[in-house]
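Report on the following structure.
Per chain, numbering begins at 1; letters A, B, ... match sequence-line order.
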Number of protein chains: 2
Amino acid sequence: MAQSSYLNELKSKKLKATPKRLAILRVLSAASVYLGPQEIWEQLKKDFKKLGLPTVYRNLEELVDAGLVSRIIHPNRRLYYFLCENRLQHHHFICVQCGKVQDISFCAEAQLLQEVDQIYGGKILSHTLQVNGLCRCCLKH
Amino acid sequence: MAQSSYLNELKSKKLKATPKRLAILRVLSAASVYLGPQEIWEQLKKDFKKLGLPTVYRNLEELVDAGLVSRIIHPNRRLYYFLCENRLQHHHFICVQCGKVQDISFCAEAQLLQEVDQIYGGKILSHTLQVNGLCRCCLKH
DNA sequence: CATCTAAATAGAAATGATTTTCAATTGGAG
DNA sequence: CTCCAATTGAAAATCATTTCTATTTAGATG
Ligand SMILES: [Mn+2]
Ligand SMILES: [Mn+2]
Ligand SMILES: [Zn+2]
Ligand SMILES: [Zn+2]
């Protein structure tokens, strides 16, 4: 995704385009795997002599809220983040070994809505669909 | 579920039917909502003068592994547990307000397998599908 | 019933990811 | 340039969960 695209999205979400926030986006954008806050922090400490880990945590969550970054809840229950070009609502297949993320085009939304809304009369606030496993590449080794 | 049914399932999973383990099952069985380890512990401290919180944590995970209890990852990212009579693979709609759990009969398994296995060549180890929201009852108030 | 062993437990301590606090800094609108 | 809300760093707190180890116990076996 282009840098200018980030800027527009940030502005529309009322997030300032601070150097650190942009750097976090840059790291995520360059990564081919999901990254944890700690990893992102360690990469960025090289570029900024001062950078607090809480800043990374805060920014990641803000970027998720803004819809720029997707959050992955690993089976180990730690949080990871991934910058996905695909802006449509979708889900992920994640490799627990190498960290690769692949889009799942299948979306359960309609069926879930049907069941929860029409049968139970409830209101869906969020849903998680995540598939964990080993990617083709990791399967070989 | 009948007590004797628990005993059989425990035995088949090589879990001893200890008084505390059975008590945990009893508490879960009596509950109409998902419960956290702490809550379960607090209820059981009345019955056992000695009962460690780690024991509750350990047992809950063992019971999940044994397939007797289902684990719920709340949007608040804490763990909750629920004893569901339905032993077939299925998912849940949980109310984030009152803790009610309702079965989602819809299962994405086939489609996910199709996509991950046949398109990506990966292997699914687990998948999470959970719907969070407000139940009919909580919606009214 | 007595014996025996792997499984289970208590209690205390450690863990470690995540969050909070608050004073100082800064982006960017006007 | 000014100004203020947003952002940040540093340190500390939180707090759910796990680990450790000595002790106890379920239940298999004879
Ligand atoms: Mn994606
Ligand atoms: Mn169920
Ligand atoms: Zn992989
Ligand atoms: Zn409810």
Side-chain angles (χ1 to χ4, degrees), chain A residues 3-4 6-27 34-66 68-69 71-81, chain B residues 3-4 6-27 34-42 44-66 68-69 71-81 99:
Chain A
Q3 177 83 329
S4 69
Y6 293 154
L7 294 177
N8 289 336
E9 293 215 49
L10 289 175
K11 180 174 289 189
S12 81
K13 294 297 182 354
K14 314 225 184 305
L15 293 175
K16 289 182 180 177
T18 67
K20 286 159 188 179
R21 184 166 285 151
L22 292 174
I24 289 171
L25 282 171
R26 221 177 302 121
V27 167
Y34 51 82
L35 298 175
Q38 188 90 27
E39 293 169 279
I40 296 169
W41 181 55
E42 270 152 21
Q43 282 195 39
L44 288 178
K45 271 195 296 190
K46 298 164 195 154
D47 304 337
F48 298 92
K49 63 171 168 309
K50 290 198 163 188
L51 174 62
L53 188 51
T55 298
V56 177
Y57 271 93
R58 267 185 312 242
N59 272 286
L60 288 169
E61 283 302 307
E62 286 157 351
L63 291 170
V64 168
D65 288 345
L68 283 167
V69 167
R71 184 160 71 156
I72 285 165
I73 300 187
H74 199 272
N76 70 15
R77 288 194 299 111
R78 294 196 201 135
L79 296 177
Y80 294 85
Y81 297 85
Chain B
Q3 177 83 329
S4 68
Y6 293 153
L7 295 176
N8 288 336
E9 293 214 49
L10 290 174
K11 179 174 287 191
S12 79
K13 294 298 180 355
K14 314 221 185 306
L15 294 176
K16 291 182 180 174
T18 67
K20 286 161 187 179
R21 184 167 284 152
L22 293 174
I24 289 171
L25 282 171
R26 222 178 302 121
V27 167
Y34 51 83
L35 298 175
Q38 188 90 27
E39 293 171 279
I40 296 170
W41 181 54
E42 270 153 21
L44 287 178
K45 273 195 297 189
K46 298 164 192 154
D47 304 338
F48 298 92
K49 63 172 167 309
K50 291 195 165 192
L51 173 62
L53 187 50
T55 297
V56 177
Y57 271 92
R58 245 184 286 113
N59 272 286
L60 288 170
E61 283 302 307
E62 287 158 352
L63 292 170
V64 168
D65 289 345
L68 283 167
V69 167
R71 183 159 73 153
I72 285 164
I73 300 186
H74 198 272
N76 70 16
R77 287 192 299 110
R78 294 197 199 135
L79 295 178
Y80 294 85
Y81 298 86

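Comparing B/Leu79 and A/Glu62 by the nucleotide of DNA chain D that holds the closest heavy atom to each, the one mapping nearer the 5' end is A/Glu62.
Looking at residues two or more places apart in sequence or on another chain, you find a side chain to side chain contact (heavy atoms under 4.5 Å, CB included) between A/Arg71 and A/Glu61, A/Val64, A/Leu79, A/Tyr81, B/Arg77. Residues passing the side-chain hydrogen bond (donor to acceptor under 3.5 Å, both in side chains) test with A/Tyr57, sequence neighbours excluded: none. Residues satisfying the side chain to side chain contact (heavy atoms under 4.5 Å, CB included) criterion with A/Pro75, sequence neighbours excluded, are A/Ile94, A/Val96, A/Asn132. Under the rule for a side-chain hydrogen bond (donor to acceptor under 3.5 Å, both in side chains), the partners of A/Glu42 that lie at least two apart in sequence or sit in another chain are A/Gln38.
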I'd like a table of donor-acceptor pairs (distance under 3.5 Å, sequence neighbours excluded) in which one partner is a side-chain atom from residues 17-25 of chain B, with atom names and distances.
residue, atom, partner, partner atom, Å
B/Thr18, OG1, B/Arg21, N, 3.1
B/Lys20, NZ, B/Lys50, O, 3.0
B/Arg21, NE, B/Asn59, OD1, 2.7
B/Arg21, NH1, B/Lys16, O, 2.8
B/Arg21, NH2, B/Asn59, OD1, 3.3
B/Arg21, NH2, B/Glu62, OE1, 2.7

Please tabulate, one pair per line, each protein N/O and nucleotide N/O from nucleotides 26-30 of chain D that are separated by under 3.5 Å, including the distance.
residue, atom, partner, partner atom, Å
D/dA26, N3, B/Lys16, NZ, 3.1
D/dG27, OP1, B/Ala17, N, 2.8

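Here CD1 of A/Ile72 is found 9.5 Å from CG of A/Leu35. Values are rounded to the nearest 0.5 Å. Residue B/Leu60 holds its CG atom at 10.5 Å from OG1 of B/Thr55, rounded to the nearest 0.5 Å.
Whole-Å rounding puts the A/Glu42 CD to C/dA17 P distance at 10 Å. As a whole-Å value, the separation of A/His74 NE2 from C/dA17 P is 14 Å. Nucleotide C/dT9 holds its P atom 10 Å from the CG atom of B/Leu22, rounded to whole Å. When the P atom of D/dG9 is taken as reference, atom CG of A/Asp47 falls 13 Å away, rounded to whole Å. Distance, A/Ile40 CD1 to C/dA17 P: 14 Å, rounded to whole Å. Rounded to whole Å, atom P of C/dG16 lies 17 Å from atom CZ of B/Arg77. Nucleotide D/dG9 holds its C1' atom 15 Å from the CG atom of A/Leu44, rounded to whole Å. Distance B/Asn76 CG to C/dT19 C1': 14 Å, rounded to the nearest Å.
Side chain of B/Trp41 to main chain of B/Leu51: a donor-acceptor pair is present (N/O by atom type, distance under 3.5 Å, no hydrogens or angles).
Each end of the helix from C/dC1-D/dG30 to C/dG30-D/dC1 gets its own axis from five base pairs, and the two axes differ in direction by 50°, given to 10 degrees.
In plain terms, the two heavy atoms of B/Pro37 and B/Leu53 that are nearest each other are O-CD1, 4.0 Å.
Residues from residues 48-60 of chain A with heavy atoms under 4.0 angstrom of DNA chain D, sorted by number: A/Lys50, A/Leu51, A/Gly52, A/Pro54, A/Thr55, A/Arg58, A/Asn59.
Within a 6.0 Å radius of NZ in A/Lys11, other residues, nucleotides and ligands contribute 12 heavy atoms or fewer.
In this pair, A/His74 and A/Tyr80 present their aromatic rings tilted. The plane angle is within the 30 to 60° band.
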